[in-house]
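Notes follow the structure.
Both backbone and side-chain heavy atoms feed into the values below; hydrogens, waters and symmetry mates do not. Each chain gets a letter, A, B and so on, in the order the sequences are listed, and its residues count up from 1.
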There are 2 protein chains.
Amino acid sequence: MTTITDLYPDGHTALREVGLRDGLQMVKVFPSTAGKKRWVAAEYAAGVRYFDAGSFLPAQRHPQFADVRDVVNFLSDLPDAVASVLTLNMRGAADALEGTARQLDCVVSATESHSRRNVHRSRKEALQVVTEICRLRNQSARRPLVAVGLSNALGCTLEGAVDPLEVYRLIGCCYEAGADFVSIADTVGFAGPRQVAEMVRAVVGMDDGRPVGVHLHDTRGLGLANASAALDEGATIIDASLGGLGGCPAAPRATGNIVFEDLAFLCETKGFKTGIDIEQLIGLRAIQAEEMPGEIFYGALERAGLPSSVMKGESAR
Amino acid sequence: MTTITDLYPDGHTALREVGLRDGLQMVKVFPSTAGKKRWVAAEYAAGVRYFDAGSFLPAQRHPQFADVRDVVNFLSDLPDAVASVLTLNMRGAADALEGTARQLDCVVSATESHSRRNVHRSRKEALQVVTEICRLRNQSARRPLVAVGLSNALGCTLEGAVDPLEVYRLIGCCYEAGADFVSIADTVGFAGPRQVAEMVRAVVGMDDGRPVGVHLHDTRGLGLANASAALDEGATIIDASLGGLGGCPAAPRATGNIVFEDLAFLCETKGFKTGIDIEQLIGLRAIQAEEMPGEIFYGALERAGLPSSVMKGESAR
């Protein structure tokens with residue numbers, strides 16, 4: 001049985017590589033299984049420990065995740081690596097629970113319209129799925145964590161602004177359903193740092209000791225400003241992807257997830273401990289570029305390098 | 001005679017377009033004078049009021065600023081537009097004071113090595129120049145403001161980390177020399193938001209009522225996170241450039257100034273009043289692209305557009 005502090009110890013900031021799942025939703029050429037393993041192994045060597053390994057979805061319609069079991073198994077052989085997988089229904093959860101993933105990720109939309117559009121369920125039905133997945137997990141041998149990504153929690157392309165009180169209510173329902181933690185998602189990159197700070201502060205205050213995650217997109221350039229605000233208010237699980245891989249179907253030319261390398265640097269400048277060697281991270285993008293030709297990658301550190309003050313091992317201050 | 005509250009009224013956040021000065025230091029094809037006027041006029045129409053119009057430097061070595069008088073005159077005809085110019089020596093200041101610029105910008109480096117490398121003067125000599133420029137300004141007809149950009153205040157490619165106490169000492173000297181305000185510059189993009197917050201908080205606390213500016217580069221992706229921190233701590237004059245025009249000679253492939261459009265959006269999400277119509281700003285980059293072919297422009301809003309919640313006129317929250 002996995003406890004939450006096993007995977008997310010106090011005082012540690014967990015940066016999750018979500019490029020293998022969220023990042024692969026819109027790429028044109030999918031990486032090979034060997035390529036995914038090279039990518040994961042290289043990030044692992046640089047100190048990254050949290051990986052969203054893929055989705056348990058029908059392989060015909062989602063071929064980029066056909067090898068999710070392979071990727072999970074590969075990660076499970078790396079000491080202290082935490083593989084999570086997305087499970088959107090009971091079938092996916094049952095399949096995932098046969099494997100060695102240490103965390104199942106579910107999704108609940110903050111707005112009714114997005115819930116119906118995205119997963120063809122009402123929010124109530126989506127919460128029911130979380131409850132059932134948690135029940136199944138409780139009966140499983142390994143009992144991985146169950147996390148819920150609360151999508152569009154900070155704005156919705158369909159409904160516009162989202163009432164934070166509605167988000168807090170849904171998060172309470174997720175905890176009630178048995179989820180170990182929630183991740184507040186700015187799925188379409190609508191949020192600014194003040195809004196993120198207010199929401200993270202409130203959610204951290206809802207339940208003592210439970211970690212709070214954020215999943216931010218850099219769609220409108222505020223991704224790292226939002227991450228900075230989230231870190232300040234106590235979020236400890238932050239999603240990102242190497243090279244900012246990923247996009248948004250609602251804004252085809254927009255950037256995707258926040259850039260992992262730049263996020264790691266942000267954490268370093270703020271004194272949050274991630275265990276990641278940033279110099280080693282820089283340059284890993286070559287693996288992605290080989291595996292996903294034609295894809296656009298983002299990020300400033302890859303171009304500019306670390307500040308000389310940090311490279312010399314001095315404090316960023 | 002110009003007073004500081006004439007140009008920078010309380011409760012207003014002044015976003016300064018520095019693309020015409022800082023932005024033009026590294027471009028390959030310089031915009032025509034007509035092109036600069038089109039660019040300025042379009043930003044003015046979108047509500048931008050603060051423009052760094054250029055540098056008073058020898059035209060032979062700095063041809064991109066040969067038309068600085070023209071640009072200043074053009075700006076002076078636009079009601080409430082504030083044209084500032086960079087003056088690095090007495091000759092430049094004397095020339096600028098014959099014109100209608102409402103603000104002269106001087107530079108003092110935070111580190112001795114950078115001061116000698118950048119302006120071939122010790123910091124003490126640079127402060128002496130500020131004193132003399134302020135004296136000349138006091139005898140002038142229009143008496144524009146004098147501002148000092150404190151370059152490398154948050155890190156230096158030559159000396160690494162910079163002692164904040166040294167920065168505070170230099171800022172005190174700038175005030176003593178007669179400067180109306182200082183702008184804290186992260187010239188090479190070394191800083192993170194915690195460091196920016198600490199420094200802005202301290203400088204805002206040094207002198208009641210005097211505004212504090214920041215000049216941030218997005219070299220390592222933290223530009224807007226740093227701007228967000230600066231705004232939270234009371235900085236009210238923020239430099240940026242449309243499309244992020246500008247670079248850093250020390251990091252040739254790195255991005256330049258923070259992106260004006262994205263900064264305006266950040267301010268909007270945080271509730272800071274800038275008077276700028278962001279929708280109108282988006283798309284102005286076409287003027288720059290025509291005038292500076294081959295130049296790379298940055299920014300997320302140009303690609304993704306405003307969130308629908310903001311476009312509908314709802315609050316960003």
Note: vs chain A, highest number of non-hydrogen pairs under 4.5 angstrom among B:Leu222, B:Asp218, B:Leu224, B:Val259 is B:Leu222

Check A:Thr187, A:Thr111, A:Val188 against A:Cys156 for a side chain to side chain contact (heavy atoms under 4.5 Å, CB included) and give me the one that passes.
-> A:Thr111

Return the minimal non-hydrogen interatomic distance between A:Ala110 and A:Val162, and the atom names on each side.
-> CB-CG1, 4.2 Å

For the residue pair A:Leu263 and A:Ala227, what are the closest heavy atoms and their distance?
-> CD1-CB, 3.9 Å

Heavy-atom pair with the smallest gap, counting every atom of A:Leu15 and A:Cys267 = CD2-SG, 4.0 Å

Counting heavy-atom pairs under 4.5 Å with chain A, the top scorer among B:Gly189, B:Pro193, B:Ser228 is B:Pro193

Which region of A:Asn226, side chain (C-beta onward) or backbone (N, CA, C, O), has a non-hydrogen atom less than 4.5 Å from a non-hydrogen atom of chain B, or is it both or neither?
-> neither

